[in-house]
**Q** 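Starting off with a structure, shown below.
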Amino acid sequence: MAAAKPLVPVIVGPTAVGKTAVAAALARRWTIAVISADSRQVYRGLDLGTAKPEAAVLRAVPHLGIDLVEPGERYSAGRFARDASGWLGALDAGRRPVVVGGTGLYIRALVDGLFHEPPLEPARRARLARWTSRAERLAGWASRLDPAYTGGGRQRAARAVEIALLTGRPLSWWQSEARAESVMRPWYVRLTVPRAVLHQRIAARTGAMLAAGWIEEVRHVLARGVSPAAPGLDAVGYREIVRHLQGKLDAARLSEAIVTSTRRYAKRQETWFRHQLGRDALVTLDATAPADELAKRLIELWERDPT
């Protein structure tokens, strides 16, 4: 008889809601390893704008899924699911995995299982990558090639175009028809706050990131020869700073532009989690409470009925 798939807490919510703080508070009560389901924290050197945990937290608690690739390298949801499946299987028996993140497609790929990607001919793939890196209206091409494409930035659009053109079938088909079994069962913890509170947190965090040197972080990455349109730099906040450094967005409007984009992104995240998680093993917590209280409440609910 096959072993039962482990039940794993999955802490989700929009950007700036407080997921990292709750995970850190949880680590003071449980012996955990955090699996970061964040499509931007995978990039080395993109630290401030992706809100990576502080160095002290990273030293105290194992974090997997952070600093995996260089800016400019594509890292897909499928690759994350393969990597995370391996991390889950390699953890020490006494360390509990906790998935934390706001990238819905990463979480869906891990929870629902990978799809078996067909082999892609390297030379054709390289030529296509050169085209997608500079193509205009790439999202429009992705939508034409895959009617189920719902947006999400140039990297996701390029992936949809690549799969459709190189395999003859859209990415959504592969995801639904060629899916393998997942390696875990999710116990979702969705963090929410009133919209006004989230907007305040987004504005405060943006100001703190800029004061801490976010612009210099981007300047340093570009100075290394990374393309301004490279994966990683197309994220919310980073693309506004790139425009600023190119002289297309003045300093007086930069913070406001980042806050506006981040609010829109948070709204998309909230909509996705509200409609995509389902009702199985779903806990919703009001994240206006302190992180320590939220961690305590999470543990109480888990111990009461984790299934």
Side-chain angles (χ1 to χ4, degrees), residues 8-68 75 80 84 87 95-104 106-107 110 186-193 197-214 217 232 235-238 258-259 262-263 265-266 268-270 272-273 277 283-299 302:
V8 177
V10 181
I11 302 174
V12 302
T15 187
V17 78
K19 298 182 294 293
T20 299
V22 171
L26 192 61
R28 292 192 284 270
R29 293 166 171 81
W30 278 350
T31 302
I32 68 172
V34 172
I35 295 178
S36 171
D38 186 304
S39 63
R40 300 312 179 189
Q41 290 186 354
V42 302
Y43 290 106
R44 290 187 283 269
L46 303 187
D47 302 329
L48 290 170
T50 62
K52 289 176 185 173
E54 295 180 355
V57 175
L58 294 176
R59 287 193 298 269
V61 183
H63 279 67
L64 305 163
I66 292 177
D67 293 340
L68 301 179
Y75 190 88
F80 167 76
W87 300 331
R95 192 171 290 278
R96 187 192 309 272
V98 178
V99 178
V100 180
T103 302
Y106 276 32
I107 293 167
L110 177 60
W187 190 74
Y188 289 115
V189 179
R190 183 164 69 96
L191 303 182
T192 66
V193 292
V197 173
L198 186 63
H199 286 181
Q200 290 171 359
R201 291 185 180 182
I202 288 171
R205 192 175 72 167
T206 298
M209 288 174 170
L210 289 170
W214 192 2
E217 177 178 276
V236 169
Y238 282 96
I258 294 174
V259 168
T262 307
R263 286 178 176 179
Y265 176 57
R268 292 195 300 271
Q269 288 177 298
E270 289 181 307
W272 197 96
F273 289 125
L277 296 184
V283 171
T284 299
L285 297 178
D286 181 354
T288 56
D292 283 337
E293 291 184 16
L294 293 170
K296 181 180 178 181
R297 178 61 175 158
L298 186 157
I299 292 173
W302 172 274

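In what follows, every heavy atom counts, from backbone to side chain, and hydrogens, waters and symmetry copies are set aside.
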**Q** Show the nearest heavy-atom pair for residues H63 and V57, with the distance to one decimal.
**A**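 Shortest heavy-atom separation between H63 and V57 comes out as CE1-CG1, 3.8 Å.
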
**Q** Taking all atoms of both residues into account, what is the closest heavy-atom pair of I35 and A84, and its distance?
**A**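 Minimum heavy-atom contact is CG2-CB, 4.2 Å.
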
**Q** Rounded at 0.5 Å granularity, tell me how far CD in E54 sits from CZ in R59.
**A**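 Rounded to the nearest 0.5 Å, the CD-CZ separation comes to 10.0 Å.
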
**Q** Measure the spacing between OH of Y75 and CG of L68 and express it to the nearest 0.5 Å.
**A**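 Between atom OH of Y75 and atom CG of L68 there are 5.0 Å.
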
**Q** Do you see a donor-acceptor pair shorter than 3.5 Å between the side chains of T262 and R205?
**A**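 No, no side-chain donor-acceptor contact under 3.5 Å.
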
**Q** Can you give me the closest heavy-atom contact between L198 and A266, atom names plus distance?
**A**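 Looking at all heavy atoms of both residues, the closest pair is CD2-CB, 3.9 Å.
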
**Q** Okay, side chain of R95, backbone of I32: is any donor-acceptor separation there less than 3.5 Å?
**A**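 At least one qualifying donor-acceptor pair exists.
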
**Q** For a quick test of reading the model, state the closest non-hydrogen atom pair linking A291 to A25 and the distance between them.
**A**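 Taking A291 first and A25 second, the nearest heavy atoms are O-CB, 3.6 Å.
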
**Q** Is there a donor-acceptor pair closer than 3.5 Å between any side-chain N or O of S39 and the backbone N or O of T103?
**A**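 Not confirmed, S39 side chain does not pair with T103 backbone.
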
**Q** Could you tell me whether the side chain of Y188 and the main chain of V12 form a donor-acceptor pair under 3.5 Å?
**A**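 No: the side chain of Y188 does not pair with the backbone of V12.
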
**Q** In the structure I gave you, are the side-chain heavy atoms of I258 and L210 within less than 4.5 Å of one another anywhere?
**A**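 Result yes, sub-4.5 Å side-chain heavy-atom pair found.
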
**Q** Would L298 and W30 satisfy side-chain contact (heavy atoms from CB on, under 4.5 Å), going step by step from the backbone distance to the final call?
**A** CA-CA 11 Å; L298 186 157; W30 278 350; 4.1 Å; yes

**Q** Is a salt bridge present between D67 and K52, judged by a nitrogen-to-oxygen distance below 4.0 Å?
**A**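 Salt bridge flag = yes for K52 with D67.
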
**Q** Counting C-beta onward and ignoring hydrogens, is there a side-chain heavy-atom pair between R297 and V283 closer than 4.5 Å?
**A**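 Not in contact.
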
**Q** Can you tell me if D286 and T288 form a side-chain donor-acceptor pair at under 3.5 Å?
**A**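 Yes - a donor-acceptor pair under 3.5 Å links their side chains.
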
**Q** Going from CZ on R29 to NZ on K296, what distance comes out if it is rounded to the nearest 0.5 angstrom?
**A**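 R29 CZ to K296 NZ: 7.5 Å, rounded to 0.5 Å.
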
**Q** Tell me, please, which residues at least two apart from E270 pass salt bridge (Lys or Arg N to Asp or Glu O under 4.0 Å).
**A**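 In terms of salt bridge (Lys or Arg N to Asp or Glu O under 4.0 Å), with neighbours along the sequence ignored, E270 is linked to R195.
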
**Q** How close do I107 and G101 get, heavy atom to heavy atom, and via which atoms?
**A**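 Between these two residues, the closest heavy atoms are CD1-O, 3.7 Å.
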
**Q** Drop me the distance from Y106's OH to Q41's CD, to the nearest 0.5 angstrom.
**A**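 If I round to the nearest 0.5 Å, the distance is 11.0 Å.
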
**Q** Taking all non-hydrogen atoms of both residues into account, name the closest pair between A16 and I202 and its distance.
**A**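 So the two residues come closest at CB-CG1, 3.8 Å.
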
**Q** Atom CD1 in I66, atom CG in L46: separation rounded to 0.5 Å?
**A**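 Separation between the atoms: 12.5 Å.
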
**Q** Between OH of Y238 and OH of Y43, what distance do you get to the nearest 0.5 Å?
**A**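 If I round to the nearest 0.5 Å, the distance is 11.5 Å.
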
**Q** Hey, is the main chain of G13 close enough, under 3.5 Å, to the side chain of K19 for a donor-acceptor pair?
**A**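 Side chain of K19 to backbone of G13, a donor-acceptor pair under 3.5 Å: yes, one is there.
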
**Q** Salt bridge between D292 and R28, side-chain N to carboxylate O under 4.0 Å?
**A**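 Answer for the salt bridge query: yes.
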
**Q** side-chain contact (heavy atoms from CB on, under 4.5 Å) for F80 and V42? Distances and angles first, verdict last.
**A** CA-CA 9 Å; F80 167 76; V42 302; 5.8 Å; no

